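The structure presented is a predicted model; accordingly, all values stated were derived computationally and were not measured.
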Amino acid sequence: MAREKNESGDSTRTVVVAVIANAAIAVAKTVAALLTGSASMWAEAAHSAADTGNEVLLFVGLHRSKRAPDERHPFGYGQERYFWTFLAALGIFLIGGTLSIGEGVRSLLAPEPLESLWVGIAVLVVAFVFESYSWHTARKQLRAESRERQRSMAEHLRRASDPSATTVFLEDTAALIGLVVALAALLLHAATGWAGWDAIGSMSIGVLLIVVAYLLAGRSKTLLLDESAPPDVLEPIRARVAGADWVGEVRDLHAVYVGPSSLLVNVRVTATAASAREPAADLVGRISRLRAGLLGDSAITHVAVTVDEDLTHVAVTVDEDLTHVGVRVDEDSAEPR
């Protein structure tokens, strides 16, 4: 489980860095917004406040997902991360997106003069530095994970089973773009005297945040609904099962994430003719060894193996420590061979 623990530690570090950076930035932007009266600065203040709250939600999800499996949750609490990430996406939409658009509309209807321009510029530049560090931390984690899985960065963003770093990365990417938009709006407002630039900047930031919220909510929904693991995860498992000398055919293979880097695998196979003629105890031993080998992968936490053989259906269940084996044989008209 070393890789899973490392990824959990990396995610925690990424989220903590993001919380600290965004909390400091939110305070600075709020002060600057009060001094300048800029709509874009108010949008950025709302954006950073939303990001801070959302990353606190991610931290809650990280903490709660570490609880051990129990009787009510036999597969553990890994999906807590997906639920709290979904709440974070709602926060981005409601607090960041809608408030920014609303502030832009208000600025169009009741424009205000721009004051303390240099304070606003200084805060945006400092914020860009802090956001860049948080963005770099998230990107570093995602790059390491994508290399390990031999994926491109874009592909990993779409397929990652841990939404924490992905959320921070997308939030920070939106934040960096938003800072550039806010700075441009601030300078255009100062240069032309037209407050509409500020309003346009604020609404643009709001639209950007709504797009990010949609992407994050969609990914969280996919993981919560137990979508199948992607092909680059399924095929190595299929190859390992098919490579067992007693397996004749892999009829079905299903794998879903019950948490970050935590797969539930169900596989249905047929035995070769030679294996099928062996005593049932020998076949059970082979199945147990296959299951133990699959569980040796830190990304696989639960495995169920079912063997179909002509008129006989054998279902095998093995405890985590491989000390207990249960066999069910359903017969139509033949004794098990």
Side-chain angles (χ1 to χ4, degrees), residues 15 18-60 84-117 119-121 123-124 126-128 130-131 134-135 167-189 194-220:
V15 171
V19 169
I20 294 172
N22 278 295
I25 292 168
V27 172
K29 286 178 180 177
T30 301
V31 172
L34 288 169
L35 292 174
T36 62
S38 165
S40 292
M41 188 62 73
W42 276 115
E44 276 299 301
H47 181 181
S48 292
D51 281 357
T52 303
N54 295 337
E55 280 139 14
V56 170
L57 293 178
L58 293 180
F59 187 79
V60 171
W84 291 95
T85 300
F86 187 78
L87 290 186
L90 291 180
I92 295 172
F93 176 83
L94 294 173
I95 301 175
T98 58
L99 283 184
S100 296
I101 292 175
E103 177 60 24
V105 172
R106 187 202 65 79
S107 181
L108 274 178
L109 297 176
E112 297 179 3
L114 184 64
E115 300 175 0
S116 304
L117 173 65
V119 172
I121 292 174
V123 167
L124 290 174
V126 172
F128 194 91
F130 278 99
E131 290 284 10
S134 177
W135 179 85
T167 301
V168 173
F169 178 79
L170 290 177
E171 282 184 348
D172 288 345
T173 300
L176 292 173
I177 296 171
L179 286 167
V180 173
V181 171
L183 181 59
L186 205 63
L187 292 174
L188 286 169
H189 185 176
W194 184 51
W197 290 115
D198 238 357
I200 292 171
S202 180
M203 289 187 284
S204 298
I205 292 167
V207 171
L208 175 66
L209 293 177
I210 287 173
V211 170
V212 170
Y214 175 80
L215 293 174
L216 291 175
R219 182 57 184 155
S220 296

Can you give each donor-acceptor pair under 3.5 Å made by side-chain atoms of residues 176-188, sequence neighbours left out, with the distance rounded to 0.1 Å?
none

Pairs involving residues 201-214, ordered by first then second residue, that meet salt bridge (Lys or Arg N to Asp or Glu O under 4.0 Å) (sequence neighbours left out):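 For residues 201-214, and leaving out neighbouring residues, there are no salt bridge (Lys or Arg N to Asp or Glu O under 4.0 Å) pairs at all.
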Pair listing, salt bridge (Lys or Arg N to Asp or Glu O under 4.0 Å) test, anchored in residues 171-188, at least two apart: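 Residue pairs passing salt bridge (Lys or Arg N to Asp or Glu O under 4.0 Å), neighbours aside: none found.
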Could you work out, with side chain to side chain contact (heavy atoms under 4.5 Å, CB included) as the rule, every residue matching [X], not counting sequence neighbours?
| X | result |
| --- | --- |
| Ala28 | Val123 |
| Ala33 | Met41, Trp42 |
| Ala49 | none |
| Ala18 | Asn22, Glu55, Ser134, Val168 |

Chi angles and distances behind the side-chain contact (heavy atoms from CB on, under 4.5 Å) call for Ile210, Ile101: CA-CA 10 Å; Ile210 287 173; Ile101 292 175; 3.7 Å; yes
Contacts of Thr36 that satisfy side-chain hydrogen bond (donor to acceptor under 3.5 Å, both in side chains) - sequence neighbours left out: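 By the side-chain hydrogen bond (donor to acceptor under 3.5 Å, both in side chains) rule, Thr36 matches no residue at all.
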Residues forming a salt bridge (Lys or Arg N to Asp or Glu O under 4.0 Å) with Glu112, sequence neighbours excluded: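 Residues passing salt bridge (Lys or Arg N to Asp or Glu O under 4.0 Å) with Glu112: Arg106.
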Residues that Glu131 engages under salt bridge (Lys or Arg N to Asp or Glu O under 4.0 Å), provided they are two or more places apart: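 Once residues adjacent in sequence are excluded, Glu131 has no partner under the salt bridge (Lys or Arg N to Asp or Glu O under 4.0 Å) criterion.
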Partner of Ser38 under side-chain contact (heavy atoms from CB on, under 4.5 Å), chosen from Leu114, Leu124, Leu117: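 With Ser38 as partner, Leu114, Leu124, Leu117 yield a single side-chain contact (heavy atoms from CB on, under 4.5 Å), made by Leu114.
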Less than 3.5 Å apart, which donor and acceptor atoms pair up between the side chains of residues 92-100 and the rest of the protein, not counting sequence neighbours?
unit_1: Thr98; atom_1: OG1; unit_2: Leu94; atom_2: O; d: 2.2
unit_1: Ser100; atom_1: OG; unit_2: Gly96; atom_2: O; d: 2.6

Heavy-atom closest contact (Ser107 atom, Asp198 atom, distance):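 It is OG-CB, 4.5 Å.
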ring-ring contact (aromatic ring centres under 6.0 Å, His included) partners for Trp197, two or more places apart: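 ring-ring contact (aromatic ring centres under 6.0 Å, His included) list for Trp197, sorted by chain: Trp194.
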Heavy-atom side-chain proximity of Thr167 to Asn54 below 4.5 angstrom: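 Of all side-chain heavy-atom pairs linking Asn54 with Thr167, none is under 4.5 Å.
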